[in-house]
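Working notes, structure below.
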2 protein chains.
Amino acid sequence: MNVEKPRTRIQQKNRERILNAALDVFSAEGFRGATIDQIAIAAELSKPNLLYYFPSKEAIYTEVLSSLLTTWLDPLQAIDSQGDPIEEILGYVRRKLELSRDFPRESRLFANEILRGAPRILDQIEGPLRRMVDDKVALFQNWSRDGKISPIDPFHLIFSIWATTQHYADFSVQVRGILRTNDDAHYVDAEDFLMTLYRATLTPRGN
Amino acid sequence: MNVEKPRTRIQQKNRERILNAALDVFSAEGFRGATIDQIAIAAELSKPNLLYYFPSKEAIYTEVLSSLLTTWLDPLQAIDSQGDPIEEILGYVRRKLELSRDFPRESRLFANEILRGAPRILDQIEGPLRRMVDDKVALFQNWSRDGKISPIDPFHLIFSIWATTQHYADFSVQVRGILRTNDDAHYVDAEDFLMTLYRATLTPRGN
DNA sequence: CGTCATCTTGACCATTTGGTCAATAAATCA
DNA sequence: TGATTTATTGACCAAATGGTCAAGATGACG
């Protein structure tokens with residue numbers, strides 16, 4: 001998967017610094033809002049030096065974005081068709097929420113890209129992601145048919161999970177402003193709430 | 001409320017055109033990504049002419065943003081403490097979803113502003129919005145105490161409603177990419193799903 | 001140490017972009 | 001109609017920004 005070839009350890013180190021700094025800046029300012037200078041400063045390199053490692057701002061951005069994508073979509077794949085339906089789905093919600101808590105920069109960068117119309121990852125969405133969603137949708141429908149979970153629309157179930165979990169990263173300013181908090185303590189309550197929300201919805205009537 | 005004083009009808013018309021064009025461009029490109037030229041072209045005016053009506057890009061942006069804000073937060077206020085608890089909350093969800101469908105530009109502009117850290121509306125969030133949320137949270141707690149709705153965390157309930165409804169506007173590219181759709185037909189299914197989701201969660205056990 | 005490859009940077013360039021201004025055109029109105 | 005106010009624009013400017021380049025510094029290695 002990782003086709004990179006960081007020949008020297010200096011290259012290794014500086015590429016990492018740049019990509020990390022770029023994630024900081026891009027996630028906070030968006031692609032257009034970010035400047036090479038900001039990234040260079042954050043990476044503690046001069047601008048021409050940064051451009052020695054990457055040919056352009058665009059190249060840095062696409063590398064950050066694509067390196068993020070797999071990690072970001074992984075939890076969905078991890079849903080096990082052999083496991084207990086409700087626990088599998090709740091586990092997915094939990095993992096997505098953890099992702100929001102632990103990787104908010106990635107979440108915001110992704111959100112920003114989608115907001116802008118996903119110009120660079122639309123094929124990823126209409127390709128691999130769509131296939132994986134279709135796969136899980138079929139699984140959910142089987143679970144519904146077998147009475148393991150309530151008969152709800154599986155597409156919108158997935159959308160709602162994405163929405164509710166990513167909200168805590170993407171809209172964290174609003175969440176914190178309303179809860180009057182600066183730390184991540186509210187993630188505990190968020191998890192409780194989401195577990196209740198989805199358990200209530202997924203548990204078939206008669207249980 | 002509207003303290004504007006559009007003296008002539010030309011001013012009236014052109015200010016409207018500019019604000020509408022600005023909403024188009026800002027919601028699609030974000031503040032930094034948008035250029036005065038783009039807005040001017042969209043409004044079919046020359047750039048200096050546009051700057052005859054508004055002193056700066058910033059001024060256009062803040063006017064668009066603030067004119068949006070009241071409309072955006074209104075539905076929350078409309079929740080009636082005298083109505084049927086579950087129907088009131090479901091009605092709120094429905095109205096928020098309609099807002100996403102009918103005013104996606106506004107939703108995306110708002111989302112973008114929050115993503116960037118809400119630099120221009122943080123006081124609105126920590127002021128009026130927070131007060132309104134606190135008010136409704138207290139109401140929900142009363143309903144919970146009286147057994148009218150399930151005992152769930154009212155803050156996170158509100159967050160989840162914001163998240164699930166705005167998702168359809170803010171992430172519409174992703175939603176459409178996965179559903180293979182270009183129109184708004186999926187909003188019907190979305191509404192069904194959300195009604196089921198929140199009814200299942202809010203209905204107290206024993207009903 | 002000497003040589004070669006890698007790394008770093010100050011100076012520079014072209015384009016984009018927010019914004020100004022003086023001059024002109026179009027309304028408005030006495 | 002003529003005078004005055006309002007609206008419009010081409011030309012222009014300064015700053016910001018993405019990117020280049022030649023020259024020098026630093027490492028790797030026999």
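Worth saying up front: this structure is predicted, and the values here are computed from it rather than measured. Just so it is clear: chains get the letters A, B, ... in the order the sequence lines come, proteins before strands, and each one is counted from 1.
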Would you say Ser46(A) places a side-chain N or O within less than 4.0 Å of OP1 or OP2 belonging to dG10(C)?
no
Is any side-chain nitrogen or oxygen of Gln11(B) closer than 4.0 Å to OP1 or OP2 of dT6(D)?
no
Base, sugar-phosphate, or nothing: which does Phe54(A) touch, judged by heavy atoms less than 4.0 Å apart?
nothing
Give, ordered by number, those residues of residues 27-35 of chain B having at least one heavy-atom distance below 4.0 Å to an atom of DNA chain C; if nothing qualifies, reply none.
Ala34(B), Thr35(B)
Residue-phosphate contact under 4.0 Å: Tyr53(B) side-chain N/O, dT8(D) OP1/OP2
yes
Enumerate all atom pairs, one protein N or O and one N or O from nucleotides 19-22 of chain C, separated by less than 3.5 Å.
unit_1	atom_1	unit_2	atom_2	d
dG19(C)	OP2	Lys57(B)	N	2.7
dG19(C)	N7	Lys47(B)	NZ	3.4
dG19(C)	O6	Lys47(B)	NZ	3.1

Using only side-chain N and O atoms of Asn49(B), determine if any of them is under 4.0 Å from OP1 or OP2 of dT9(D).
yes
Answer yes or no: does a side-chain N or O of Asn14(B) lie under 4.0 Å from OP1 or OP2 of dT8(D)?
yes
Double-helix bend of the helix from dC1(C)-dG30(D) to dA30(C)-dT1(D), axes at both ends from 5 pairs, round to 10°, gives 10°
Check this for me, if you would: do Arg95(A) and Asp102(A) make a salt bridge, where the nitrogen-to-carboxylate-oxygen distance has to be below 4.0 angstrom?
no
At less than 4.0 Å, is any side-chain N or O atom of Thr8(A) found next to OP1 or OP2 of dA28(D)? Yes or no.
no
Pair Arg15(B) + Glu63(B), salt bridge at N-O below 4.0 Å
yes
Using a strict threshold of under 4.0 Å (side-chain N to carboxylate O), is an ion pair present between Glu44(A) and Arg17(A)?
yes
Short side-chain N/O contact to dC7(C) OP1/OP2 from Tyr52(A), under 4.0 Å:
yes
